[in-house]
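Report on the following structure.
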Amino acid sequence: MQKFDTFSGVAAPLQIDNVDTDRIIPARFLKTIKRSGLGTALLYPLRYHADGSERPDFVLNQPRYRKAGILIAGENFGCGSSREHAPWALLDFGIRCVIAESFADIFYNNCFKNGILPVVLPKSEIARLTECAERGANAVFTIDLAKQEITDPDGRTLTFEIDPFRKHCLLNGLDDIGLTLEKAPAIATYEQAARQTQPWLFK
Amino acid sequence: MSKPLTLFDKIWNHHVVDRQKDGTCLIYVDLHLIHEVTSPQAFEGLRSAGRPVRRPDLTLAVADHNVPTTDRRFGITDPESLLQVETLGQNCAAFGIRYFDMGDIRQGIVHIVGPEQGLTQPGMTIVCGDSHTSTHGAFGALAFGIGTSEVEHVLATQTLIQRPASNMRVTVSGRRGKGVAAKDLILGIIGQIGTAGGTGHVIEFAGQAVAELSMEGRMTMCNMSIEAGARAGLIAPDEKTFAYLLGRPMAPKAGAWEMALAYWKTLPSDPGAIYESEVTLDAGAIAPQVTWGTSPQDVAAIDGTVPDPADQADPRRREAMERALSYMGLAPGMNLRDIHIDTVFIGSCTNARIEDLRAAAAVVKNRHVADSVRALVVPGSGLVKNQAEAEGLDRIFIDAGFEWREPGCSMCLAMNADKLKPGERCASTSNRNFEGRQGPGGRTHLMSPEMAAAAALAGRLADVRELV
Ligand code: SF4
């Protein structure tokens, strides 16, 4: 996994609540056996007309946000389907950080597995960041995960909360599976006990 | 005396393999269900790291999202769908995983297959790369959806890294009225607490109305707990649960059965257990529900009207409602019963079990679908389909003008050929009315199988209470 330590980029404001993962990446784009190449379909129904042409007014279609690396969203971002294609599509587009008032659980989890930093901030802070982001391509935000700080284009900083273990994994780009396999003896001990108490779970 | 525990606490504690100082746990997974859409990248990851599957015996695969529901003799024609399904078959063969392929009578929607086979059992931890894994909570199993990276993690280690959830209890007291189904209860709950109401929580459903539900009804409720934002839904196992499981092909057999039963009986929440959050509803006050918008929380009783965004104080909520109504092609103040429909879909992991088909068939028996309506029934599994045919339900549906299909996810998410055309309006027993969920531009109204059947007959949203 790509690690996340510091990141600077333009932020696209997406002022919509309850953006579900069907909107982030509709089902017809899930017929893939790869993780890559989903960026063009990111937020498809918001980004494109039914005939496939771009909606020029949509934020990611505006020239100043085409290279956005940060997305500023509303409440309950990523609700619905568990599809990890949602963070894959964000990443493929170039988004490394999503800032929102709140996230749905599975999507939030999936971000960390893909080197995307999800940041939860209160409504008032989101409103302030949105105002800055509206200035477009010259408004660069910098995120420092080690310090848990976002610096806005005016040089103001604000801090955010994050689970220490997840922070550690993201900072170092750690592979969860590798970490867990170090605990293989504990897993084997668990299985041995379960074989006695719940033999019906073993063939 | 030790601290009273909830059902969730008990299952969680039982499965902790390792606990870090910050509270992050490694929990053991008792059953891992996989399907073709969210697993290929996980297997690819295993291959490139040279890792085996730790417990293939606790893993079951089934193809459901992409499979055709019409004549299957010609296989899958869409090349991308075909590749996904074939890849699943190859991965299962390579890693030694049981696989119900399209030709297997046991094939069906993964969340219908698990319980049907008796694989889903009380006290288990169950995961699947699919958010509606919450369905299995109806058996008192802790079941939740995971992403593909986590699928790979479970394949490799049979564990998951998780933080414990908070406990929430939703008590539905009293009794359901005539024509009111489990679907109406859960839609009513989502209408009340919202699609983020359960975030970070596991919801335990309790109360007389829940206890009175069949296992099928309980699955419908737990299925949609994800639509309330919950990590999982749970219902305490009871005699109905045990009776449902007894004798199923993959349930514990004689000898082990008694041992399992003794364990399962210890699972229900202790009196005095603490829930961080409590919600109560009166089942008697819940009428048949239909959604009018593009989120499951956009729901109202069938005798109501389309709400007016102008009544919303919060500007963002107002905008979202306006967008939803414009997408749905509806005007504020319209009677819900005046909304005409083009299509009816009876299916999905929410409502494609035998009881759902019986309920819909009872409504359409000796009646006929409105001329303007295309109606389909997609059974949840090959075994559900067989059972329905043995009971003559297929004849009732076909005589009423329904199409009788092969099992799969079908028009629930429109990955196969079954989809709405832009602007088409559907009365659907599925679980999500998101924009484009049933096909780009398609308009979805969620409801119970009984209500979808009534809508098929009337050609518009209708109150099933007038028919039963
Ligand atoms: S029926 Fe629908 S909700 Fe259920 S697993 Fe299939 S696609 Fe998902």
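Below, chain A is the first sequence line, B the second, and so on; all start at residue 1.
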Please walk me through it: do A:Q198 and B:Q121 pass side chain to side chain contact (heavy atoms under 4.5 Å, CB included)? CA-CA 12 Å; A:Q198 294 173 287; B:Q121 296 160 23; over 6 Å; no
With salt bridge (Lys or Arg N to Asp or Glu O under 4.0 Å) as the criterion, how do B:R432 and A:D20 come out once you've worked through the C-alpha distance, each side chain's angles and the decisive distance to 0.1 Å? CA-CA 10 Å; B:R432 287 185 176 140; A:D20 56 73; over 6 Å; no
Taking it one step at a time, do A:I187 and B:R54 satisfy side chain to side chain contact (heavy atoms under 4.5 Å, CB included)? CA-CA 10 Å; A:I187 300 173; B:R54 186 175 178 94; 3.5 Å; yes
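The backbone N or O of A:T32 sits less than 3.5 Å from a side-chain atom of B:Q84, completing a donor-acceptor pair.
Looking only at heavy-atom pairs under 4.5 Å with chain A, the residue among B:R323, B:M415, B:E80, B:R317 that has the most is B:M415.
Annotation: salt bridge (Lys or Arg N to Asp or Glu O under 4.0 Å) contacts involving residues 91-105 of chain A, sequence neighbours excluded, comprise A:E101-A:K123, A:E101-B:R316, A:D105-B:R231.
Annotation: the span from A:R166 atom CZ to B:D22 atom CG amounts to 10.0 Å, rounded to 0.5 Å.
In this structure, no portion of B:N431 lies under 4.5 Å from any heavy atom of chain A. Both the backbone and the side chain of A:R35 come within contact range of chain B, judged by heavy atoms closer than 4.5 Å. If you measure heavy-atom distances from B:A414 to chain A, you find no contacts under 4.5 Å at all. Contact of B:E44 with chain A is made through the side chain alone, with heavy-atom distances under 4.5 Å.
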Side-chain donor/acceptor pairs under 3.5 Å, residues 123-130 of chain B, sequence neighbours excluded:
| residue | atom | partner | partner atom | Å |
| --- | --- | --- | --- | --- |
| B:T125 | OG1 | B:Y28 | O | 2.6 |
| B:T125 | OG1 | B:D30 | N | 3.0 |
| B:D130 | OD1 | B:H111 | NE2 | 3.0 |
| B:D130 | OD1 | B:H132 | N | 3.0 |
| B:D130 | OD2 | B:H35 | NE2 | 3.4 |
| B:D130 | OD2 | B:H65 | NE2 | 3.2 |

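Listed by chain and number, the residues in a side chain to side chain contact (heavy atoms under 4.5 Å, CB included) with B:K253 amount to none (sequence neighbours excluded).
Between B:Y263 and A:W200, the ring planes lie tilted relative to each other; the angle falls in the 30° to 60° range.
At a heavy-atom cut-off of under 4.5 Å, chain A is reached by B:G147, B:T148, B:S149, B:E150, B:E152, B:H153 from residues 147-155 of chain B, listed in order of number.
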